[in-house]
**Q** 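Once you've had a glance at the structure underneath, I'll fire off some questions.
Naming: A, B, ... by sequence-line order, numbering from 1 per chain.
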Number of protein chains: 2
Amino acid sequence: MARRAPRHAEAERNDQALLEAAKKVLAVDGAHASVATIAARAGVGIASLYRRYRSKDELFQHLCALSLDQWIQAAERGLRHDDPWEGLAHYISACIEFSGGSLGPLAGTIAVTDEMAAKFTRSDELMHDLVARAHAAGALRSDATAMDISLLIEQVGKSPLIEQLDRQGRTDLIDAAHNARKRTIAIALDGLRSGHPRLPGTAPTPALLAERWEHSPTDSTRSPGRS
Amino acid sequence: MARRAPRHAEAERNDQALLEAAKKVLAVDGAHASVATIAARAGVGIASLYRRYRSKDELFQHLCALSLDQWIQAAERGLRHDDPWEGLAHYISACIEFSGGSLGPLAGTIAVTDEMAAKFTRSDELMHDLVARAHAAGALRSDATAMDISLLIEQVGKSPLIEQLDRQGRTDLIDAAHNARKRTIAIALDGLRSGHPRLPGTAPTPALLAERWEHSPTDSTRSPGRS
DNA sequence: TCCAAACGAAGCGAATTTATCCGTTTGGAG
DNA sequence: CTCCAAACGGATAAATTCGCTTCGTTTGGA
């Protein structure tokens with residue numbers, strides 16, 4: 001292209017930095033994270049954010065789509081494992097560690113785009129396969145459903161301790177906190193294996209996770225390319 | 001008492017309502033819960049809040065002290081159990097369910113009063129006894145420390161799903177969400193029993209939980225009675 | 001050398017937040 | 001029944017924070 005990209009490379013780098021910063025700030029500040037904080041953390045001006053996304057919501061929607069891609073990838077990788085249990089265990093660990101509880105706080109605050117809905121469906125299907133395989137192999141306790149596991153992932157993904165240390169900038173303790181959470185994950189995984197007494201209550205219905213994203217379903221299906 | 005309490009009963013009721021509302025709103029809105037929201041939820045005017053607490057922080061400090069009392073009570077009740085494991089399990093369940101993750105978000109945002117520090121120490125001691133007893137009985141896996149359990153309680157106490165449903169007023173789904181969390185707790189408890197492979201990494205140090213409350217240690221040791 | 005594309009940050013109006021002030025209600029003593 | 005201090009609730013002041021726009025400056029390839 002002839003005269004079309006004087007500082008294109010910098011723009012690309014900034015876009016990447018923005019997404020990473022948004023994820024981090026969202027995890028730390030929750031749903032009320034401000035665009036100023038995000039831009040500052042990315043080391044760019046606020047205008048650079050609004051040049052790529054028409055609004056704060058659109059940035060968050062794009063971020064959700066990217067995170068859903070990661071979930072899908074993790075599930076696919078899990079399914080490629082020979083050992084059904086190892087595949088599921090790695091999927092759970094991966095989801096907890098990379099999502100960092102970023103998307104939970106967003107639920108109900110942004111509209112669900114068609115793109116997000118499609119990816120959510122796909123992710124859900126893959127995960128059900130993963131769970132079914134572990135059930136069939138007898139590795140996963142038979143009374144634990146995919147919903148139980150989804151909730152567990154979300155529950156452990158959002159770590160109050162790590163978020164607070166992040167907020168206070170205690171970088172010296174963050175490694176220790178991550179190590180501690182790895183142990184919590186290991187405990188939960190051990191609890192998911194076969195050979196335990198029956199779980200209490202009834203299995204949670206899928207509606208619990210599906211309905212929480214319900215919002216005002218506006219259109220918004222724009223891809224976040226440049227203007 | 002002669003002429004000293006025209007509407008004393010109502011004041012007492014309001015005080016109770018305020019504390020309950022503050023706990024709920026804190027769990028739902030996080031550390032940036034506003035006094036207006038709290039007063040509205042309690043069904044009282046803002047002035048009634050400031051008549052009993054000189055500031056928002058003082059209300060939160062009082063709330064922390066009360067929650068610590070609950071933790072202490074739960075530990076004492078656990079220690080009275082004949083079965084060491086049952087005692088520990090009930091303690092964990094109770095802490096998760098009544099605290100509702102209210103205090104986590106406060107960590108680092110309010111000053112620690114002497115009263116809070118003393119109760120924290122007491123609670124810590126009791127919990128160590130509880131864990132030591134379960135270890136001695138061989139019911140609790142030997143590589144799980146009191147710190148692991150404290151972190152697990154905090155981790156599961158703060159439930160993103162329940163908080164969001166609360167925020168959206170989906171009272172129809174809240175029961176289902178609580179049932180689902182009970183199952184998560186059961187999974188974690190199963191993972192804490194003896195007979196599992198060794199936990200990864202090294203045991204987390206007590207500093208992780210202690211230092212997070214560090215703040216500007218002002219004085220503030222006033223009891224929240226009337227003016 | 002040139003200039004469009006991309007940049008950072010000050011600034012704007014709207015919306016919140018903490019805390020105070022003040023007119024009104026209330027319930028028991030006399 | 002009368003009275004009045006204690007307790008009430010909500011309007012409001014003052015300061016902050018928010019999402020977003022506007023604008024003057026920098027940059028790098030043709």
Side-chain angles (χ1 to χ4, degrees), chain A residues 1-18 21-22 25-26 28-63 105-106 109-111 167 218 220 224-227, chain B residues 1-18 21-22 25-26 28-63 105-106 109-111 167 220 222 224-227:
Chain A
M1 13 349 227
R3 195 59 178 287
R4 280 278 139 189
R7 300 169 76 177
H8 193 205
E10 183 178 5
E12 198 81 18
R13 262 181 292 123
N14 283 351
D15 200 5
Q16 209 59 32
L18 269 174
V25 172
L26 254 183
V28 170
D29 286 358
H32 63 296
S34 76
V35 287
T37 309
I38 294 174
R41 171 137 200 164
V44 307
I46 300 179
S48 295
L49 191 159
Y50 279 95
R51 220 166 278 120
R52 289 176 235 313
Y53 307 95
R54 0 171 108 143
S55 70
K56 184 187 180 184
D57 279 2
E58 195 174 280
L59 164 63
F60 286 169
Q61 288 168 340
H62 185 53
L63 201 65
L106 260 64
T109 72
I110 60 175
R167 202 161 19 227
T218 63
S220 54
R226 61 193 151 303
S227 61
Chain B
M1 28 326 249
R3 194 60 177 287
R4 277 283 137 187
R7 297 170 77 180
H8 193 206
E10 184 179 5
E12 199 80 19
R13 262 181 292 124
N14 283 351
D15 200 5
Q16 209 59 32
L18 270 174
V25 172
L26 255 182
V28 170
D29 286 357
H32 62 296
S34 77
V35 288
T37 310
I38 294 174
R41 172 137 200 163
V44 307
I46 301 180
S48 295
L49 192 159
Y50 280 98
R51 221 167 276 121
R52 296 181 208 1
Y53 306 94
R54 8 172 100 137
S55 71
K56 184 187 178 184
D57 279 3
E58 195 173 282
L59 164 63
F60 285 169
Q61 289 168 337
H62 185 53
L63 200 65
L106 261 64
T109 72
I110 59 175
R167 201 161 20 229
S220 56
R222 205 177 78 94
R226 60 194 150 303
S227 60

**Q** Distance check needed: dC18(D) P versus Phe60(A) CZ, whole Å only.
**A** 12 Å
**Q** Got a sec, which residues hit side chain to side chain donor-acceptor pair (under 3.5 Å) with Glu10(A), two or more places apart in sequence or on another chain?
**A** Arg7(A)
**Q** What is the distance, to the nearest angstrom, from the CG atom on Leu59(A) to the C1' atom on dC20(D)?
**A** 14 Å
**Q** I'd like to check the side chain to side chain contact (heavy atoms under 4.5 Å, CB included) partners of Ala31(B); sequence neighbours left out, ordered by chain and number.
**A** Pro105(B), Thr109(B)
**Q** Give DNA chain D the dot-bracket treatment, 5' to 3': Watson-Crick (N1-N3 with N6-O4 or O6-N4) or G-U (N1-O2, O6-N3) under 3.5 Å, [ ] crossing, | other strand.
**A** ||||||||||||||||||||||||||||||
**Q** Using the test side chain to side chain donor-acceptor pair (under 3.5 Å), find all partners of Ser55(A) that sit at least two apart in sequence or belong to another chain.
**A** none
**Q** For Arg51(B) and dC8(D), give me the distance from atom CZ to atom C1', rounded to whole Å.
**A** 6 Å
**Q** Would you please name every residue forming a side chain to side chain contact (heavy atoms under 4.5 Å, CB included) with Ile46(B), sequence neighbours left out?
**A** Ala36(B), Ala39(B), Tyr50(B)
**Q** Send over the distance from Leu18(B) CG to dA7(D) P, rounded to a whole Å.
**A** 14 Å
**Q** Which whole-number value in Å describes the distance from Leu49(A) CG to dT21(D) C1'?
**A** 13 Å
**Q** Please determine, for the side chain of Ala11(A), which listed nucleotide (dC7(C), dG8(C), dC8(D)) has the closest atom?
**A** dC7(C)
**Q** Quick one: list whatever passes side chain to side chain contact (heavy atoms under 4.5 Å, CB included) with Ala42(A), sequence neighbours left out.
**A** Ala17(A), Leu18(A), Ala21(A), Val44(A)
**Q** Tell me, please, which residues at least two apart from Ala47(A) pass side chain to side chain contact (heavy atoms under 4.5 Å, CB included).
**A** Arg51(A)
**Q** Are any of Arg7(B)'s side-chain N or O atoms less than 4.0 Å away from OP1 or OP2 of dT25(C)?
**A** no
**Q** Can you tell me how far P of dA6(C) sits from CZ of Arg13(A), to the nearest Å?
**A** 13 Å
**Q** When you look at Ile38(A) and Leu59(A), which way does the side-chain contact (heavy atoms from CB on, under 4.5 Å) test go after all the steps?
**A** CA-CA 11 Å; Ile38(A) 294 174; Leu59(A) 164 63; 4.3 Å; yes
**Q** Go through it in stages, so that I can follow the logic: the residues are Asn14(B) and Arg52(B), the test is side-chain contact (heavy atoms from CB on, under 4.5 Å), and I'd like the CA-CA distance, side-chain angles, deciding distance and then a yes or no.
**A** CA-CA 10 Å; Asn14(B) 283 351; Arg52(B) 296 181 208 1; 3.7 Å; yes
**Q** Given dG8(C), dA6(D), dG9(D), which nucleotide is nearest the side-chain atoms of Val44(A)?
**A** dG8(C)
**Q** Between Asn14(B) and dA7(D), does any side-chain N or O lie under 4.0 Å from OP1 or OP2?
**A** no
**Q** For nucleotides 17-19 of chain C, list the nitrogen or oxygen atoms of the protein found under 3.5 Å from its nitrogen or oxygen atoms, one pair per line.
**A**
| from | atom 1 | to | atom 2 | distance (Å) |
| --- | --- | --- | --- | --- |
| dT18(C) | OP1 | Lys56(B) | NZ | 2.3 |
| dT18(C) | OP2 | Val35(B) | N | 3.0 |
| dA19(C) | OP2 | Tyr50(B) | OH | 2.7 |
| dA19(C) | OP2 | Lys56(B) | N | 3.1 |

**Q** Quick one: closest heavy-atom pair of Val28(A) and Arg167(A), and the distance?
**A** O-NH1, 2.6 Å
**Q** Check this one for me: any side-chain N or O of Ser48(B) less than 4.0 Å away from OP1 or OP2 of dA7(D)?
**A** no
